[in-house]
Protein chains: 2
Amino acid sequence: MTKRSRVHQSTPENERAILEAALTLAVTAGYEGTTMAEVARLSGLPTGSVYWHFNNKEQLFAELIEYCFGKWKEDHTGPTNRDLLRRSIAGSAGGSTDPENKAEAFWILALLFALEKRLADNAARKKYLDVRRQMFELMVQRVEPQIPGSVLAADPDFGRKMVVLGRALTDGFYIAASAGDDIDFMEFADLSASAVEALIARRAAMAEGEVEK
Amino acid sequence: MTKRSRVHQSTPENERAILEAALTLAVTAGYEGTTMAEVARLSGLPTGSVYWHFNNKEQLFAELIEYCFGKWKEDHTGPTNRDLLRRSIAGSAGGSTDPENKAEAFWILALLFALEKRLADNAARKKYLDVRRQMFELMVQRVEPQIPGSVLAADPDFGRKMVVLGRALTDGFYIAASAGDDIDFMEFADLSASAVEALIARRAAMAEGEVEK
DNA sequence: GTCTATAAATCGATAGAC
DNA sequence: GTCTATCGATTTATAGAC
């Protein structure tokens with residue numbers, strides 16, 4: 001309930017206002033669709049001020065990605081439970097419809113940076129790919145303890161593989177949500193988790209039942 | 001005046017050249033990143049001719065989606081085998097890197113339209129969402145015969161659910177390919193197929209183990 | 001049907017007063 | 001640091017000769 005206090009002055013008030021304005025617009029309008037003029041208007045500052053705080057549009061979005069990554073990390077701390085993948089996929093539904101959960105919805109926009117290779121030299125795309133790697137490593141640390149030791153002994157990379165699979169599923173359901181597919185995300189969160197669990201169980205049986213490959 | 005008629009002729013030469021040029025550019029540059037001037041240049045025609053054949057950019061992309069859907073359907077006819085999902089995911093690796101395989105690369109363009117909600121009123125996005133539904137139904141027809149009868153008896157929608165899951169995986173691995181994730185797509189194609197098979201096996205065991213319900 | 005030239009609008013970014 | 005005014009580049013789309 002109590003949000004983590006943001007007493008640090010690292011992000012001044014006006015910069016935060018600009019970032020929040022950019023986030024609100026970006027979630028519904030995307031990268032190209034968000035204009036600096038509109039960011040300025042929504043933040044209550046003139047365009048000149050926006051360019052004083054951020055060098056250009058690229059850098060604004062790069063810092064926006066960092067800003068949202070900070071929010072994501074807040075949501076992914078604390079004790080690990082077995083519902084990691086289930087909650088990730090279930091969250092994809094709300095991310096596209098719930099206007100309050102902007103940080104969640106932003107990852108749909110982030111996927112655009114992955115797809116738009118035209119932005120290869122774009123600072124924002126580079127930042128997203130960097131954050132994507134960091135998210136992956138954080139997820140590996142949370143998932144690996146849940147893999148049976150016998151499976152990891154037979155295949156030390158199995159935890160990483162499950163994270164790759166889980167990320168593909170999460171990204172895929174983000175797309176489904178964005179496309180407006182009429183599906184029950186809670187049900188598919190369960191189904192996906194079951195599929196991964198079945199895979200792990202199969203591997204565990206294999207690892208214990210067989211000495212050779 | 002007289003609009004072109006496709007009754008007697010299918011996609012005249014110059015229109016095809018324009019569509020192919022648009023596809024080549026769109027796959028790497030996206031919707032906004034593809035300019036009509038560049039489409040004209042690559043097709044070898046001036047911009048005026050492009051606008052004579054297609055009313056505007058929206059309609060050009062809408063017809064491009066239809067055009068690519070035709071290619072996709074050609075690749076998804078014939079006998080169904082068990083490797084449907086495996087091949088879809090394995091294809092995602094080449095789809096984003098091999099410029100020749102434009103029918104597969106089209107998937108990336110499609111994902112762009114799925115994600116860009118700003119284009120909600122865009123004719124091209126509407127066309128894509130329509131095509132997305134058609135693709136889904138075609139996949140259901142191919143997948144359902146592979147589901148054990150006992151599972152379908154217990155859950156008539158199980159085939160559709162597997163297609164939703166398969167589509168999420170395929171979309172997710174396309175993003176992984178676009179993001180440049182350093183993964184072995186062949187391995188994850190196998191792993192994904194295994195996960196789905198394990199899920200079906202688990203359901204089959206469940207369906208046969210219970211007589212009632 | 002093809003092509004050139006250009007209109008009309010938008011957007012990112014800057015200059016400079018305060 | 002804030003704000004106004006505006007530049008320069010880009011892009012969609014059209015007009016009109018051939």
Side-chain angles (χ1 to χ4, degrees), chain A residues 9-26 28-64 109 112-113 116 118-125 127, chain B residues 1-22 24-26 28-64 112-113 116 118-119 121-125:
Chain A
Q9 277 89 3
S10 61
T11 308
E13 184 180 350
N14 280 351
E15 287 191 11
R16 181 178 301 270
I18 293 168
L19 286 170
E20 283 291 335
L23 178 55
T24 300
L25 294 171
T28 57
Y31 180 72
E32 322 273 343
T34 299
T35 68
M36 296 298 267
E38 217 171 349
V39 169
R41 187 190 56 74
L42 187 60
S43 72
L45 293 163
T47 64
S49 293
V50 174
Y51 276 96
W52 190 89
H53 287 286
F54 302 92
N55 290 344
N56 49 40
K57 190 179 180 181
E58 275 188 27
Q59 197 218 329
L60 171 60
F61 271 76
E63 297 211 21
L64 183 56
L109 170 61
L112 278 173
F113 284 108
E116 293 243 18
R118 156 180 58 110
L119 303 174
D121 294 330
N122 184 303
R125 179 179 146 108
K127 173 62 74 176
Chain B
M1 300 298 202
T2 57
K3 277 299 269 183
R4 70 188 177 286
S5 159
R6 294 225 168 109
V7 178
H8 300 294
Q9 256 181 332
S10 62
T11 319
E13 184 180 349
N14 280 351
E15 288 192 9
R16 181 179 295 270
I18 294 169
L19 287 170
E20 285 291 338
T24 300
L25 294 171
T28 56
Y31 181 74
E32 322 275 342
T34 300
T35 68
M36 296 298 265
E38 216 171 349
V39 168
R41 187 190 55 74
L42 187 60
S43 73
L45 292 164
T47 65
S49 292
V50 173
Y51 277 95
W52 190 89
H53 287 287
F54 302 91
N55 289 345
N56 49 41
K57 190 178 180 180
E58 273 189 29
Q59 197 219 331
L60 170 60
F61 272 77
E63 297 212 22
L64 178 58
L112 284 173
F113 280 105
E116 289 252 20
R118 162 180 54 109
L119 303 175
D121 294 330
N122 184 301
R125 181 178 147 104

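Just so it is clear: chains get the letters A, B, ... in the order the sequence lines come, proteins before strands, and each one is counted from 1.
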> To the nearest angstrom, how far is B/Phe61 atom CZ from D/dT11 atom P?
Replying inline: 13 Å

>> Rounded to the nearest 0.5 Å, what separates atom CD in A/Gln59 from atom OH in A/Tyr51?
In response: 11.5 Å

>> Using whole Å, what does the distance between atom C1' of nucleotide C/dC11 and atom CD of B/Glu32 come to?
In response: 12 Å

> What is the minimum heavy-atom distance between A/Glu58 and A/Ala124, and which atoms define it?
Replying inline: O-CB, 3.9 Å

> Which listed nucleotide (D/dT11, C/dG12, C/dG1) is nearest to the side chain of B/Thr35?
Replying inline: D/dT11

> Between atom CG in A/Leu45 and atom P in D/dC3, what is the gap in whole Å?
Replying inline: 6 Å

>> Working to the nearest 0.5 angstrom, can you tell me the gap between A/Thr24 OG1 and A/Leu42 CG?
In response: 6.0 Å

> Is the phosphate of D/dG1, meaning OP1 or OP2, less than 4.0 Å from a side-chain N or O of A/Asn14?
Replying inline: no

> Reading nucleotides 13-18 of chain C 5' to 3', which nucleotides get B (base under 4.0 Å from a protein heavy atom), which S (sugar-phosphate only), which -?
Replying inline: BB----

> Quick one: are B/Asn122 and B/Glu116 in side-chain contact, heavy atoms under 4.5 Å?
Replying inline: no

> Could you state the CD-P distance from B/Glu38 to D/dT10, rounded to the nearest angstrom?
Replying inline: 12 Å

> Tell me: CD1 of A/Ile18 to P of D/dC3, nearest whole Å?
Replying inline: 10 Å

> Between the side chain of A/Lys127 and the main-chain N/O of A/Phe61, is any donor-acceptor distance below 3.5 Å?
Replying inline: no

> Once you round it to whole Å, what is the distance between P of D/dT10 and CZ of B/Arg41?
Replying inline: 15 Å

>> Please report the interatomic distance CZ(A/Arg16) to CD(A/Glu13), rounded to the nearest 0.5 Å.
In response: 9.5 Å

